[in-house]
Amino acid sequence: MIDPASTGVPPPRKLGQHGLSLWNSVQTAYRIDDVGGIELLAQACAAADRVEALAERITTDGEVVNTRAGPKAHPALRDELAGRAFIVRTLERLGLNVETIKPVGRPSKGWRGPDAD
């Protein structure tokens, strides 16, 4: 049976649930098929899987952990944030953050100046 979310361009390596979801949504919307674009997207998707694993661990342990020196931020918070930043930068490099802006409503008749009534 064929997955309806499948895009026809398979990821170059196995991805987890979150990475595969990102892969499918990007491929459905943009259909990236060049070698460089596929690798960039695959790296972003792998990072999405890692980030979600870190987020689950942080949720389990708590955002603040107790150490001998007292409470500190969870050590994986920095890695989670760096991973999320990597994903966003990579999607920007692929040009996926720019969409055409569609005008709202009907086109205007043009500016006629301050004396026009």
Work out which heavy atom in [X] is nearest to a heavy atom in [Y]; give both atom names and the distance.
{"X": "Gly62", "Y": "His74", "value": "O-CD2, 3.3 Å"}
{"X": "His18", "Y": "Ala48", "value": "CB-O, 4.2 Å"}
{"X": "Ile87", "Y": "Ala44", "value": "CG1-O, 3.6 Å"}
{"X": "Pro12", "Y": "Ala42", "value": "CG-CB, 3.6 Å"}
{"X": "Leu54", "Y": "Ala76", "value": "CD2-CB, 3.9 Å"}
{"X": "Pro75", "Y": "Val65", "value": "CD-CG2, 4.1 Å"}

What's the separation between atom CD in Gln17 and atom CG in Leu22, rounded to the nearest 0.5 Å?
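Going from CD on Gln17 over to CG on Leu22, the span is 12.5 Å.
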
Can you measure from CD (Glu63) to CD1 (Ile58) and round to the nearest 0.5 angstrom?
7.5 Å

So Lys72 and Val64, do their side chains get closer than 4.5 Å, heavy atoms only?
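With C-beta onward as the side chain, the pair stays apart.
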
Side-chain heavy atoms of Pro11 within contact of Leu20, under 4.5 Å:
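Side chain of Pro11 against side chain of Leu20, heavy atoms only: contact under 4.5 Å found.
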
Counting distance only, does the side-chain N/O of [X] pair as donor-acceptor with the main-chain N or O of [Y] below 3.5 Å?
{"X": "Thr28", "Y": "Ser25", "result": "no"}
{"X": "Thr90", "Y": "Phe86", "result": "yes"}
{"X": "Trp23", "Y": "Leu15", "result": "no"}

Summary of salt bridge (Lys or Arg N to Asp or Glu O under 4.0 Å) pairs that have at least one residue in residues 38-58, sequence neighbours excluded:
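Residue pairs with at least one partner in residues 38-58: Arg13-Glu39, Glu52-Arg84, Arg57-Asp61.
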
For Ile32, which residues count as a side chain to side chain contact (heavy atoms under 4.5 Å, CB included) partner, sequence neighbours excluded?
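Result, side chain to side chain contact (heavy atoms under 4.5 Å, CB included) vs Ile32: Val26, Gln27, Tyr30, Asp34, Ile38, Leu41, Leu94, Leu96.
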
